[in-house]
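Quick notes on the structure that follows.
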There are 2 protein chains.
Amino acid sequence: MPRPTGPPIGLALTRTAKAVSRAFDDALAAAGGSLPAWLIMISLKTRSLGNQRELAEAIGIRGATLTHHLNTMEADGLVIRRRDPANRRIHQVELTDRGETLFRQLAAAASTHDQRLRTGFSDEEIATLEQLLRRLQHNVSGEAHDRASRSDA
Amino acid sequence: MPRPTGPPIGLALTRTAKAVSRAFDDALAAAGGSLPAWLIMISLKTRSLGNQRELAEAIGIRGATLTHHLNTMEADGLVIRRRDPANRRIHQVELTDRGETLFRQLAAAASTHDQRLRTGFSDEEIATLEQLLRRLQHNVSGEAHDRASRSDA
DNA sequence: AAATAAACATTAGATATCTAATAGTCAGGT
DNA sequence: ACCTGACTATTAGATATCTAATGTTTATTT
């Protein structure tokens with residue numbers, strides 16, 4: 001139990017995340033997009049998500065908020081929603097050609113931002129950081145009261 | 001092409017920070033507080049901040065948002081604002097006795113949360129994480145621009 | 001000294017996010 | 001078959017945050 005812990009680790013995490021997110025959002029805005037739209041698109045491209053609830057979960061927002069963003073993106077012609085014929089409760093979300101184009105533009109901006117973020121970091125340090133972040137997330141994810149897991153791949 | 005970088009490191013950072021912040025906010029709410037109020041109070045206690053602008057900066061919110069929270073907290077009797085006699089543009093913010101009491105309660109909740117967050121982490125790993133976070137923040141903080149004209153897509 | 005600019009906080013209005021309630025669809029039990 | 005409950009997404013209303021504009025005070029310039 002208690003060690004003479006320093007400043008809360010969550011505090012450093014929150015401050016860093018806010019600063020990084022803000023800089024990233026600025027970079028995406030300059031490329032004609034936004035952070036939520038980017039998160040939605042990259043999740044659509046890189047993950048196999050069955051429905052909007054999982055998509056919202058992957059992004060870290062609530063379903064209602066996702067609906068809001070999808071409305072905007074659909075109005076902008078970036079995505080289309082269509083009912084899954086096999087389960088008409090589900091809306092399948094797909095990128096349009098226009099969405100694909102914007103995705104590539106944002107991917108370029110994101111890559112530049114990511115290079116900037118990685119300045120001075122070795123590959124090993126990045127891997128360490130990713131592993132530490134995964135373990136933090138695991139520690140607050142519900143049942144994680146027992147012991148830290150070794151879920152690095 | 002620089003390096004065959006994996007998934008954007010900012011993405012992992014954002015996802016983890018959201019999950020951790022949400023769990024922390026829940027813990028603070030159960031203790032009768034909120035995340036913004038906690039951030040304000042701990043910043044008041046542990047930092048020497050000259051004015052509200054610096055306070056907002058330390059927390060990672062805008063001045064207008066800080067004003068909003070201070071209004072609520074002042075209405076709840078947690079803080080008082082008084083004009084600095086030496087520079088009447090400045091509002092000095094101080095915790096009231098009631099604010100001190102709530103601060104201790106939230107500090108207990110925060111400590112519990114922090115212990116949970118540190119589950120499975122050695123002191124050395126925590127130090128490593130803090131250092132990596134600091135470096136990430138530095139990389140997006142203004143002058144830290146590589147200005148590498150690598151136009152990768 | 002007066003005028004102008006700068007710094008600080010607040011206010012006003014817009015946008016994003018959340019929770020709770022609602023509507024549509026499917027699965028299971030009787 | 002039909003009711004009940006669970007699941008999915010949306011809508012409605014509340015809260016939080018942001019940017020831009022404003023008011024007040026201080027600093028600078030002429």
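For clarity, every value in this text was computed on a predicted model and none was experimentally measured.
Within 4.0 Å of A/Leu66, counting heavy atoms only, lies no atom of the nucleic acid at all.
Ring geometry for A/Trp38 against A/Phe24 counts as perpendicular: the plane angle is over 60°, on a 0 to 90° scale with 30° as the lower cut.
A search for side-chain contact (heavy atoms from CB on, under 4.5 Å) contacts involving A/Ala27 returns nothing, not counting sequence neighbours. Partners of A/Glu54 according to the salt bridge (charged side-chain N to carboxylate O under 4.0 Å, His left out) rule, which considers only residues two or more places apart in sequence or in another chain, do not exist here. Applying the salt bridge (charged side-chain N to carboxylate O under 4.0 Å, His left out) criterion to B/Arg135, with sequence neighbours excluded, gives A/Glu125.
What separates CG of B/Asp84 from P of D/dT24 is a distance of 19 Å, to the nearest Å. A/Arg88 has its CZ atom 13 Å from the P atom of D/dT10, to the nearest Å. If you take CZ of A/Arg83 and P of D/dA9, they are 8 Å apart, rounded to a whole angstrom.
Residues A/His68 and A/Pro85 both approach DNA chain C. Their nearest nucleotides, taken by heavy-atom distance, put A/His68 toward the 5′ side. Toward the 5′ end of DNA chain D lies the nearest nucleotide of B/Gly63, the other residue of the pair B/Gly63 and B/Ala86 mapping further downstream.
At least one donor-acceptor pair closer than 3.5 Å links the side chain of A/Arg98 to the backbone N or O of A/Asp76. With hydrogens and angles disregarded, a donor-acceptor distance shorter than 3.5 Å links the side chain of B/Arg116 to the backbone of A/Asn139.
Within the structure, side chain to side chain donor-acceptor pair (under 3.5 Å) contacts touching residues 55-71 of chain B (residues at least two apart or in different chains) are B/Asn71-B/Arg81.
Close approach of DNA chain C to chain B, defined as any atom under 4.0 Å from a non-hydrogen atom of the protein, starts and stops at C/dA6 to C/dC18.
Annotation: the span from A/Asn51 atom CG to A/His91 atom NE2 amounts to 12.0 Å, rounded to 0.5 Å.
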Once base and sugar-phosphate atoms are separated, protein heavy atoms under 4.0 Å mark nucleotides 3-8 of chain D, 5' to 3', with B, S and - as ---BBS
